[in-house]
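The structure appears below as structure tokens.
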Amino acid sequence: MNNVVLIGMPGSGKSTLGVLLAKALGYSFIDTDLVISRKAEMPLQKILDTDGLDRFLELEQEVGCELECDHTVVATGGSMVLSESAMKHLKEIGRVVYIDVPFDEIERRVTNITTRGIAFHRDETLRNVYDNRVPLYEKYADAAIKVSNQGNIEDTVSKLLEALIFS
């Protein structure tokens with residue numbers, strides 16, 4: 001196992017879990033949302049507001065396709081799965097793990113869909129985004145872990161480690 005790539009909905013905990021998983025594995029950590037922000041020299045929401053959804057997705061694809069790392073946990077943006085070429089590259093450089101959180105929990109966690117830097121069309125709801133992306137998360141995942149609102153973060157990191165060992 002060279003790298004671990006976390007995919008899932010905004011609010012699924014990819015960044016938080018990624019840092020803890022990296023510590024547990026002795027790996028580095030990269031959040032592609034931060035790489036995109038640095039590349040554009042502005043926060044994600046400002047990219048969406050200023051340059052539009054298409055430019056945001058183009059930047060995300062570039063970051064996903066160009067990412068080179070070793071022994072690293074990568075937390076992707078929730079929309080990375082919209083880019084087939086980025087996901088192909090990420091699957092080549094690491095194991096892809098889907099953080100599967102039920103919609104009601106995502107809805108509870110994501111209260112600021114229009115200001116958080118989430119890539120979606122103006123006429124879409126959080127439910128639409130969820131329904132459109134879940135099949136893509138499932139398609140690209142080498143492993144998946146189900147996360148409930150009952151578990152704590154340490155339990156989730158343990159599930160991640162188990163998924164990496166046994167899948």
Side-chain angles (χ1 to χ4, degrees), residues 1-36 44 56-57 60-61 63-64 67 69 71-121 124-167:
M1 174 178 51
N2 193 22
N3 297 301
V4 178
V5 179
L6 303 179
I7 62 173
M9 278 294 289
S12 62
K14 299 177 301 289
S15 297
T16 303
L17 291 168
V19 169
L20 296 173
L21 182 61
K23 284 183 179 182
L25 294 171
Y27 279 22
S28 298
F29 175 74
I30 293 174
D31 185 324
T32 62
D33 282 347
L34 296 176
V35 176
I36 292 165
L44 298 180
F56 179 91
L57 294 174
E60 187 170 52
Q61 178 172 303
V63 167
L67 192 65
C69 51
H71 291 90
T72 300
V73 175
V74 179
T76 63
S79 54
M80 184 70 76
V81 293
L82 300 176
S83 170
E84 188 173 340
S85 59
M87 289 309 301
K88 181 177 184 275
H89 175 70
L90 293 172
K91 284 182 73 67
E92 288 170 358
I93 66 167
R95 302 268 320 277
V96 177
V97 180
Y98 169 33
I99 310 301
D100 182 0
V101 178
F103 177 73
D104 63 328
E105 181 63 13
I106 293 293
E107 189 175 42
R108 189 184 69 76
R109 293 179 186 184
V110 179
T111 58
N112 53 348
I113 188 170
T114 59
T115 59
R116 185 175 167 171
I118 298 172
F120 68 101
H121 294 282
E124 285 185 300
T125 64
L126 185 60
R127 183 75 213 199
N128 297 138
V129 172
Y130 182 88
D131 290 344
N132 290 333
R133 292 186 189 173
V134 165
L136 295 171
Y137 298 137
E138 292 170 346
K139 171 184 173 180
Y140 291 116
D142 297 312
I145 62 155
K146 289 198 178 289
V147 177
S148 72
N149 54 3
Q150 305 299 320
N152 64 41
I153 196 131
E154 291 84 9
D155 291 341
T156 304
V157 172
S158 294
K159 283 184 191 177
L160 268 168
L161 289 167
E162 191 175 305
L164 292 170
I165 293 167
F166 295 112
S167 65

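Applying the salt bridge (Lys or Arg N to Asp or Glu O under 4.0 Å) test to residues at least two apart or on different chains, the pairs with a partner in residues 130-139 are Arg127-Asp131.
A donor-acceptor pair under 3.5 Å is absent between the side-chain atoms of Glu105 and the main chain of Pro102, judged by distance alone. Checked by atom type and distance alone, the side chain of Lys14 never pairs as donor or acceptor with a backbone atom of Val5 at under 3.5 Å. Under the 3.5 Å distance criterion, the side-chain polar atoms of Thr125 are matched with a main-chain donor or acceptor of Asn128.
Note that CG of Asp33 and CE of Met80 are 8.0 Å apart. Values are rounded to the nearest 0.5 Å. Atom CG of Leu67 is separated from atom NE2 of His89 by 5.5 Å, given to the nearest 0.5 angstrom. Summarising the geometry, atom CZ belonging to Phe29 is positioned 7.5 Å from atom CG belonging to Leu34; distances are rounded to the nearest 0.5 Å.
At a threshold of 4.5 Å between non-hydrogen side-chain atoms, the residues Val96 and Met87 count as touching. With contacts defined as side-chain heavy-atom distances shorter than 4.5 Å, the pair Val101/Arg109 qualifies. A 4.5 Å side-chain heavy-atom check between Tyr130 and Glu124 finds every atom pair outside the cut-off. In this structure, Asn3 and Arg95 have side chains that are not in contact, with every pair of non-hydrogen atoms separated by 4.5 Å or more. Contact check for Ser83 versus Glu60: no side-chain heavy atoms found under the 4.5 Å cut-off. The closest side-chain heavy-atom distance from Ser79 to Leu57 is below 4.5 Å. Counting heavy atoms from C-beta outward, Val129 and Asn132 have side chains that stay 4.5 Å or more apart.
Every residue meeting the side-chain contact (heavy atoms from CB on, under 4.5 Å) condition with Glu107, not counting sequence neighbours, appears here in chain and number order: Phe103, Leu126. Scored by the side chain to side chain donor-acceptor pair (under 3.5 Å) test, Thr72 finds no partners at all (sequence neighbours excluded). With sequence neighbours left out, Lys91 forms a salt bridge (charged side-chain N to carboxylate O under 4.0 Å, His left out) with Asp142. With sequence neighbours excluded, no residue forms a side chain to side chain donor-acceptor pair (under 3.5 Å) with Thr76. Residues passing the salt bridge (charged side-chain N to carboxylate O under 4.0 Å, His left out) test with Asp100, sequence neighbours excluded: Lys146. Remark: Lys88 engages Glu92 in a side chain to side chain donor-acceptor pair (under 3.5 Å) (not counting sequence neighbours). Residues forming a ring pair (Phe, Tyr, Trp, His ring centres under 6.0 Å) with Tyr137 (at least two apart in sequence, or on another chain): Tyr98.
Between Ser12 and Ile99 the shortest heavy-atom distance is O-CG2, 3.5 Å. When every heavy atom of Val74 is checked against every heavy atom of Cys69, the shortest pair comes out as CG2-SG, 3.9 Å. Taking both residues in full, the closest heavy atoms of Ile7 and Tyr140 are given as CD1-CB, 4.3 Å, listed atom of the first, atom of the second, then distance. The two residues Asp31 and Ser15 come nearest to each other via the heavy atoms OD2-OG, 2.6 Å. The minimum heavy-atom distance between Pro10 and Gly78, with the atom names listed, is CD-CA, 4.2 Å.
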